[in-house]
Amino acid sequence: MVYKGLLLWMGCSFLLCNLQNGKLSFNHNQKLYMLLFALGCMTVMGFRSDAVGYDTVTYEYYYSIVASTPISNILSGFYFQSMEIGFVFLMKICSYISSDYFFFQFIVSFLYCAGMARFLYRNAKNSIWSSFIFLGVGLFLTAFNGQRQMLAVMLVANSWSCFLDKKYVKTFLLLFFAVITHITSLLFIGAYLIYLFRRHRIIYFVFIAGILLSIFYYDTLISFIMEYAPMYNNYFNNTRDTLTAGFVKILWGIIVLLSVLILLKSDKATVILRSYAIFSLFYVAANIIGMQFNYFERLGWFFLPFVVLAFDGFGSLLKNKILKNVYYIGSLLCFIAYFILSTGSEQYIYHMWL
């Protein structure tokens, strides 16, 4: 019911921002809408109990340890309790204000939701429509679990915005904060490289070949990661039940089809979209490998925000007005339905901590 209430909030926010003198004007006030959207998301995410999301109770346990540990011990190394120093330091700062874990949870929810709303506002052509896709592709619910990594995802996504604006100092700082929050953020350096070679289409085919090879020879890739990033060996022990994919396979298929269509186009409008297409293909590849090897799908999370931008940008390529409206309305309804379906999972049954 809470999740449907969030959708209702977003619908009412849309009308509030776009309904003037009895007439509906789409995208009239996207900035105000995104503020209201972020407020709704952070409220739902921040006030959830520790029973919502499998990892929430684990972070609550770690928070109690960090709160009782002297700051000198925490700052003695890059890791504390297997968590990067940046995330632990944020925990410690919050613990000085309140020893209650849920204060920290709300701060993380505020940072994540506000940051992702800012990313969509700055990069999506239709940020209001994209906010519903944000829910549908899993960027919202995923943050209920891997909140540490998803906070890093938000940081690298916003570093991308600075990178496009050639604000390289801000880009570096955001990437730095992401790395000390979750070290796998270093993977995102590849995104900058892909963009730098965006005008050379042959490079895209090289990356596609690399993605395909990683799917078929994932065991070699896993061995490489375990050798050079041993701190994550516990993630790759493959003792957890392997993932299964039902309806999400259809979504992966649509993402692949959309990405291929974007890559096949050669006009100027698709230059940056081709980067998003490659990012989207990497996201799908990481999930496919994750079905065979535990937790590998989490590497794809860093590119999930760009799946939203790929869907958003593809709509702008459609010239036929009827086809474009069918695409936007059909996608919107499908993603809303998929979001509601996703909330039916046992771990997302909502309870408030109050």
Side-chain angles (χ1 to χ4, degrees), residues 53-56 58 82 134-154 156-157 178 181-188 190-191 194 207-260 276-308 310-311 338-339 341-348:
Y54 290 138
D55 293 348
T56 306
T58 302
S82 300
F134 168 88
L135 297 183
V137 299
L139 279 164
F140 181 64
L141 293 178
T142 300
F144 283 27
N145 270 321
Q147 60 176 278
R148 178 165 55 103
Q149 184 174 349
M150 292 307 290
L151 188 60
V153 168
M154 180 275 294
V156 297
T181 300
H182 206 283
I183 199 168
T184 53
S185 302
L186 288 170
L187 178 68
F188 198 74
I194 290 173
F207 278 108
I208 291 174
I211 290 171
L212 291 174
L213 287 173
S214 68
I215 292 175
F216 291 107
Y217 298 99
Y218 69 87
D219 49 345
T220 303
L221 184 59
I222 294 295
S223 298
F224 177 83
I225 295 174
M226 292 179 70
E227 180 178 355
Y228 291 98
M231 73 289 295
Y232 286 102
N233 283 1
N234 61 314
Y235 282 96
F236 298 119
N237 57 22
N238 213 34
T239 56
R240 190 180 61 135
D241 292 338
T242 53
L243 293 175
T244 57
F247 289 117
V248 74
K249 285 184 177 179
I250 299 175
L251 176 59
W252 295 348
I254 294 172
I255 292 172
V256 170
L257 176 62
L258 206 74
S259 300
V260 170
Y276 299 154
I278 292 292
F279 299 164
S280 300
L281 290 175
F282 184 85
Y283 166 73
V284 173
N287 277 274
I288 292 173
I289 297 174
M291 292 179 64
Q292 305 297 325
F293 217 94
N294 298 162
Y295 294 107
F296 197 92
E297 72 280 358
R298 294 195 174 199
L299 296 180
W301 290 357
F302 288 104
F303 300 94
L304 185 52
F306 302 94
V307 173
V308 179
F311 273 98
Y338 188 72
F339 171 67
L341 183 66
S342 300
T343 61
S345 173
E346 181 182 356
Q347 64 170 314
Y348 297 129

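The chain is numbered in sequence order, starting from 1.
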Atom [atom1] of [X] and atom [atom2] of [Y]: how far apart are they, to the nearest 0.5 Å?
X      : Y      : atom1 : atom2 : result
Gln147 : Thr58  : CD    : OG1   : 10.0 Å
Ser345 : Tyr54  : OG    : OH    : 5.0 Å
Ile288 : Tyr283 : CD1   : OH    : 11.0 Å
Asp55  : Met150 : CG    : CE    : 12.0 Å
His182 : Phe302 : NE2   : CZ    : 6.0 Å
Leu139 : Leu304 : CG    : CG    : 4.0 Å

Review point. Is there a donor-acceptor contact under 3.5 Å from the side chain of Gln149 to the main chain of Arg298?
Key: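 Yes; at least one donor-acceptor contact below 3.5 Å.
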
Review point. Does Asn145 reach the main-chain N or O of Leu141 with its side chain, forming a donor-acceptor pair under 3.5 Å?
Key: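 Such a contact is absent between Asn145 side chain and Leu141 backbone.
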
**Study point:** Set of residues satisfying ring pair (Phe, Tyr, Trp, His ring centres under 6.0 Å) with respect to Phe188, sequence neighbours excluded
**Key:**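 Phe188 satisfies ring pair (Phe, Tyr, Trp, His ring centres under 6.0 Å) with Tyr192, Phe303, Phe306 once adjacent residues are dropped.
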
Point to revise | Listed partners of Phe311 passing ring pair (Phe, Tyr, Trp, His ring centres under 6.0 Å), at least two apart | key: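 Ring pair (Phe, Tyr, Trp, His ring centres under 6.0 Å) list for Phe311, sorted by chain: Phe335.
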
Point to revise | Test side-chain contact (heavy atoms from CB on, under 4.5 Å) applied to Tyr338 and Leu135, step by step | key: CA-CA 9 Å; Tyr338 188 72; Leu135 297 183; over 6 Å; no

Check your understanding: Does any non-hydrogen side-chain atom of Thr184 lie less than 4.5 Å from one of Trp301?
Key ->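 Of all side-chain heavy-atom pairs linking Thr184 with Trp301, none is under 4.5 Å.
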
Check your understanding: Do Ile289 and Glu297 have side chains that get closer than 4.5 Å, going by heavy atoms?
Key ->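 No. Closest side-chain heavy atoms not under 4.5 Å.
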
Any residue meeting side chain to side chain contact (heavy atoms under 4.5 Å, CB included) with [X], in chain and number order, not counting sequence neighbours:
X      : result
Ala178 : Ala152, Leu155, Val156, Ser185
Thr56  : Arg48, Asp50, Tyr101, Gln105
Ala157 : Phe119, Pro305

Practice item. Indicate the ring-plane relationship of Phe134 and Phe140, choosing parallel, tilted or perpendicular according to the 30° and 60° boundaries. Key: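 Answer is tilted, since the angle falls between 30° and 60°.
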
Review point. For Tyr276, what residues pass the side chain to side chain donor-acceptor pair (under 3.5 Å) criterion, not counting sequence neighbours?
Key: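 Trp160.
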
